[in-house]
Number of protein chains: 2
Amino acid sequence: MQRAAALVRRGCGPRTPSSWGRSQSSAAAEASAVLKVRPERSRRERILTLESMNPQVKAVEYAVRGPIVLKAGEIELELQRGIKKPFTEVIRANIGDAQAMGQQPITFLRQVMALCTYPNLLDSPSFPEDAKKRARRILQACGGNSLGSYSASQGVNCIREDVAAYITRRDGGVPADPDNIYLTTGASDGISVRTILKILVSGGGKSRTGVMIPIPQYPLYSAVISELDAIQVNYYLDEENCWALNVNELRRAVQEAKDHCDPKVLCIINPGNPTGQVQSRKCIEDVIHFAWEEKLFLLADEVYQDNVYSPDCRFHSFKKVLYEMGPEYSSNVELASFHSTSKGYMGECGYRGGYMEVINLHPEIKGQLVKLLSVRLCPPVSGQAAMDIVVNPPVAGEESFEQFSREKESVLGNLAKKAKLTEDLFNQVPGIHCNPLQGAMYAFPRIFIPAKAVEAAQAHQMAPDMFYCMKLLEETGICVVPGSGFGQREGTYHFRMTILPPVEKLKTVLQKVKDFHINFLEKYA
Amino acid sequence: MQRAAALVRRGCGPRTPSSWGRSQSSAAAEASAVLKVRPERSRRERILTLESMNPQVKAVEYAVRGPIVLKAGEIELELQRGIKKPFTEVIRANIGDAQAMGQQPITFLRQVMALCTYPNLLDSPSFPEDAKKRARRILQACGGNSLGSYSASQGVNCIREDVAAYITRRDGGVPADPDNIYLTTGASDGISVRTILKILVSGGGKSRTGVMIPIPQYPLYSAVISELDAIQVNYYLDEENCWALNVNELRRAVQEAKDHCDPKVLCIINPGNPTGQVQSRKCIEDVIHFAWEEKLFLLADEVYQDNVYSPDCRFHSFKKVLYEMGPEYSSNVELASFHSTSKGYMGECGYRGGYMEVINLHPEIKGQLVKLLSVRLCPPVSGQAAMDIVVNPPVAGEESFEQFSREKESVLGNLAKKAKLTEDLFNQVPGIHCNPLQGAMYAFPRIFIPAKAVEAAQAHQMAPDMFYCMKLLEETGICVVPGSGFGQREGTYHFRMTILPPVEKLKTVLQKVKDFHINFLEKYA
């Protein structure tokens with residue numbers, strides 16, 4: 001029993017010492033030497049302190065922008081100030097931020113966005129007709145024909161219709177209902193994972209809602225679970241089997257969890273983040289059957305649906321498989337699936353666009369959802385417009401089709417090349433093992449950390465892989481995220497690195513990691 | 001004791017019957033006759049139901065987009081289907097959505113946004129140089145020089161610098177530190193009121209955090225308090241005195257609240273929403289002194305800072321007054337202030353841009369705040385860019401200055417005219433009393449509802465003012481929000497109406513309300 005509880009609560013590896021005590025930009029502020037007016041005399045005890053604050057918020061951890069990223073920012077400022085380092089720039093391979101790594105925006109998407117932003121351009125001959133057509137359609141659906149008006153809380157109607165049509169095409173004709181589509185502020189913000197989990201969480205003590213998440217996971221999940229004071233229930237992906245999801249492991253996890261919580265939600269990330277596996281159709285069927293059997297609400301994070309690289313893998317949506325399994329499943333299993341403008345081939349992270357599709361949600365709960373969303377008024381309308389272009393791109397015969405297709409294929413082709421390159425190069429390094437990057441945008445190699453390095457890390461009160469990643473950052477300028485931020489089996493160590501840098505730069509990065517690793521092994525041998 | 005508890009918990013008037021059971025767009029979906037594939041046989045009990053859901057979420061109410069707005073949507077669809085009504089269009093005077101009411105975007109703002117969106121336009125001779133200069137500055141501060149990259153969680157550095165410079169100018173030289181600025185997704189979304197309250201709320205039973213809010217209030221506050229399971233502590237604005245805030249009433253409220261919670265936060269809305277009052281400098285001083293004395297964290301909602309119409313009123317920021325009161329206050333009182341791109345003269349609601357400035361926040365709490373924000377990655381970068389242009393508009397001597405000033409003054413001048421017009425016309429109607437609209441964008445007139453109408457409302461299980469507003473909507477097509485959604489003294493009734501329709505339309509609206517009201521009084525005499 002105690003073991004089960006520990007398993008359920010653990011999940012994210014040892015806690016790392018927190019540098020959160022200073023804000024992300026405090027170094028920047030110091031650098032710019034801004035005048036501070038805070039007489040330190042007569043300072044009273046503050047109202048809001050670490051002791052008095054909300055303990056659930058204090059418990060939140062989020063590695064992707066954690067201490068290592070703060071450190072990276074500090075190093076960048078030191079470089080700017082001319083301080084000598086063994087490198088000339090920080091390479092931020094910690095976050096899936098394609099355009100920050102030099103990926104160019106898809107021209108058609110930005111053309112439509114510019115037309116929507118400044119409709120005077122609709123008269124300009126330098127914009128193609130198909131872009132103008134889409135911009136007019138979006139604007140006509142906006143209050144006052146302007147992106148500057150609030151939309152309905154659920155999102156602009158015609159964009160939800162376009163999303164539904166896209167899903168129907170994607171899923172080979174399985175129908176989608178615009179009424180089940182909710183436009184969001186990306187997949188990480190208020191209107192999506194967080195909101196649906198917020199509605200789902202209830203109960204106290206042993207009946208508190210349990211939320212099953214993969215380990216390794218994308219730490220949005222553990223952070224939201226922590227914020228909501230829900231119970232995190234870990235199921236482990238099978239590293240020896242290309243990070244596959246094994247239903248027997250789901251069964252183990254749910255059985256053990258039932259001793260101390262009410263497991264009610266099962267989160268799946270497919271393609272996997274940080275692990276890059278693409279689930280087989282059979283595996284998805286098994287998961288759906290399991291969810292049906294155990295009465296679990298399914299959350300399918302499918303933001304990497306366009307990012308599949310292995311020739312023997314294909315993306316299958318949970319929605320499609322659910323419908324193909326017949327009415328016992330398709331009319332019973334409750335599912336929410338997420339997509340986003342931030343990933344795929346467009347990489348439009350900054351616009352914060354996305355959608356959620358819900359299946360079998362109780363009509364009363366839909367009402368509750370809209371109510372909750374309405375307090376936030378609406379997702380950014382510019383992000384909604386970006387989502388529209390992603391689901392409604394130029395088609396054969398349209399003026400922009402050729403350029404659009406060329407740009408899209410170039411991005412995805414490059415990512416596929418870089419996925420293979422990364423896997424191959426990592427696997428040439430002694431003490432690094434990397435599963436195939438079947439999809440998504442990350443490598444999550446397993447790294448061997450010698451016992452002496454583990455001791456050194458402990459002396460610094462750091463998780464061993466945090467220690468490793470900090471050293472990597474300090475010696476090479478490469479910023480990656482320690483596996484402990486995503487969760488990993490005890491005694492194993494990993495890091496997550498994006499494959500977004502341009503090919504030549506990525507080769508340099510991989511070579512530097514290799515040299516660093518070999519040197520690290522020698523140093524702590 | 002019991003009375004005090006009732007006072008603290010009440011606040012929002014009688015509960016109204018909920019139409020939340022259907023989602024906002026279900027009528028639209030039916031109208032478009034989308035194929036539904038839900039075999040009703042073999043339906044099991046759902047996992048997520050009104051009974052099983054999070055009770056805090058169920059308790060949330062949000063009137064501005066509540067049942068009356070759903071009804072308005074249904075009526076619009078009926079009109080589209082050709083169903084005859086005594087009017088030809090629904091006028092949505094329920095929400096401060098300027099551009100939906102025909103207000104044109106500020107040209108300069110949209111030019112800079114278009115340039116940032118599609119940088120090819122930087123070569124176009126049809127855009128002014130000052131717009132290009134700003135666009136280049138914003139893009140240079142973005143990862144990969146693109147709005148499509150994530151920004152720092154706290155927001156783009158140079159935009160935070162521009163916000164700080166704006167505040168310093170606004171406050172006559174009181175310095176602002178970019179490190180204290182957090183860019184947000186409008187003032188209603190995750191990164192602002194909700195986040196700061198979320199960090200503040202703690203304790204159980206009698207030590208649960210109490211949050212003081214004005215009554216009438218903007219229902220974002222009651223909704224977030226409900227979501228966070230905090231204790232709502234009401235203080236009443238003085239309707240007989242132009243909705244002024246009286247510190248004696250604050251004192252009464254905090255004393256009574258101390259019996260059953262730990263009052264820790266004081267929310268102020270200035271200029272007032274829905275009440276439109278503008279606080280005097282003296283009153284702000286009194287409030288700050290009170291917060292200092294009672295050790296309350298101040299939340300100042302100042303999103304209407306540009307919307308002041310009465311010639312004898314001026315906007316004073318809490319920050320400025322705090323600094324002018326001397327170091328005992330300026331180095332101790334903890335304050336967060338909010339601004340937004342959605343109001344003012346720009347009315348860019350759809351971009352979801354805004355900022356929060358914090359004063360005297362403990363450095364460790366700043367770290368916690370950045371951590372929490374980082375889970376959401378970043379506010380929409382397009383909204384951040386919009387905020388930049390609001391705080392960094394063209395100045396005298398720049399190419400766009402004249403047009404910008406003309407557009408700005410036209411919007412604000414019109415709003416001032418409409419504020420006066422609305423006050424004057426309402427006060428000519430027997431049974432309606434309307435305080436001066438000193439600022440913001442709303443009238444909140446008090447309406448007399450005859451006893452027979454109150455009975456009729458009760459028979460429909462509606463609050464009397466909801467009944468009134470539903471009738472108004474059904475008979476005239478005018479959509480306003482009942483006072484019970486904002487809170488009001490027991491036995492008094494109000495509604496909130498925006499003054500955003502163009503002057504001629506507004507005159508028609510006011511005439512229709514007048515006719516309706518007289519007719520209503522006769523009918524229920």
Side-chain angles (χ1 to χ4, degrees), chain A residues 20-21 23-24 29 34-35 37 39 42 44 46-50 53-54 57 62 65 97 99-100 105 110 113-114 117-118 143-144 146-150 154 175 177 179 188-190 199 201-202 223 297 327 331-332 348-350 352 362 364-367 370-371 374-377 380-382, chain B residues 20-21 23-24 29 34-35 37 39 44 46-50 53-54 57 62 65 97 99-100 105 110 113-114 117-118 143-144 146-150 175 177 179 188-190 199 201-202 223 297 327-328 331-332 334 348-350 352 362 364-367 370-371 374-377 380-382:
Chain A
W20 285 116
S23 79
Q24 209 165 16
V34 170
L35 178 64
V37 282
S42 75
R44 301 196 304 192
R46 283 197 178 86
I47 299 156
L48 183 54
T49 62
L50 279 188
M53 74 176 283
N54 184 334
V57 171
Y62 187 66
R65 293 201 150 186
D97 192 358
Q99 297 189 18
R110 291 303 188 93
M113 298 289 286
T117 303
Y118 191 57
S146 172
L147 290 191
S149 302
Y150 292 119
Q154 196 170 345
D177 181 343
D179 193 36
S188 297
D189 208 276
I199 297 180
V201 167
S202 65
F297 193 108
S331 59
N332 281 316
E348 292 286 8
C349 308
R352 315 306 301 118
H362 195 293
E364 286 172 344
I365 296 296
K366 281 186 176 180
V370 170
K371 176 187 75 175
S374 74
V375 181
R376 290 169 165 91
L377 298 172
V381 182
S382 47
Chain B
W20 285 115
S23 78
Q24 209 166 16
V34 170
L35 179 63
V37 282
R44 302 195 303 191
R46 284 196 177 85
I47 299 156
L48 183 53
T49 63
L50 279 188
M53 73 178 282
N54 184 334
V57 172
Y62 188 67
R65 292 202 151 183
D97 191 358
Q99 296 188 18
R110 292 301 187 94
M113 298 290 286
T117 302
Y118 191 57
S146 172
L147 290 192
S149 303
Y150 293 117
D177 181 343
D179 193 35
S188 297
D189 208 275
I199 298 180
V201 167
S202 65
F297 193 109
E328 178 57 29
S331 59
N332 282 316
E334 288 154 75
E348 293 286 7
C349 309
R352 316 305 301 120
H362 195 293
E364 285 173 345
I365 295 295
K366 281 186 177 181
V370 170
K371 175 187 76 175
S374 73
V375 181
R376 293 170 162 90
L377 298 172
V381 182
S382 48

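To find a chain, count down the sequence lines: A is the first, B the second, and so on, and within it residues start at 1. All heavy atoms count here, side chains included; hydrogens, waters and symmetry mates do not.
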Can you name the closest pair of heavy atoms from [X] and [Y] and give their distance?
X: V201(B); Y: N54(A); result: O-CB, 3.0 Å
X: T117(B); Y: M113(A); result: CG2-CB, 3.4 Å
X: R352(B); Y: P380(A); result: CG-CA, 3.4 Å
X: F297(A); Y: L48(B); result: CE1-CD2, 3.9 Å
X: R44(B); Y: N332(A); result: N-OD1, 2.6 Å

_Structural part of E334(B) lying under 4.5 Å from a heavy atom of chain A_ =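 The side chain, not the backbone.
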*Quick one: of G143(A), G148(A), A223(A), who has the most non-hydrogen atom pairs under 4.5 Å with chain B?*
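So the answer, after comparing G143(A), G148(A), A223(A), is G148(A).
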*Relative to chain B, which of G144(A), P105(A), S149(A) shows the most heavy atom pairs under 4.5 Å?*
S149(A)
*I would like to know whether L50(B) and H362(A) meet side-chain contact (heavy atoms from CB on, under 4.5 Å); could you show each step before the answer?*
CA-CA 9 Å; L50(B) 279 188; H362(A) 195 293; over 6 Å; no
*asked:* Within this structure, what is the OG-CD distance for the pair S146(B) and E348(A), rounded to the nearest 0.5 Å?
replied: 6.0 Å
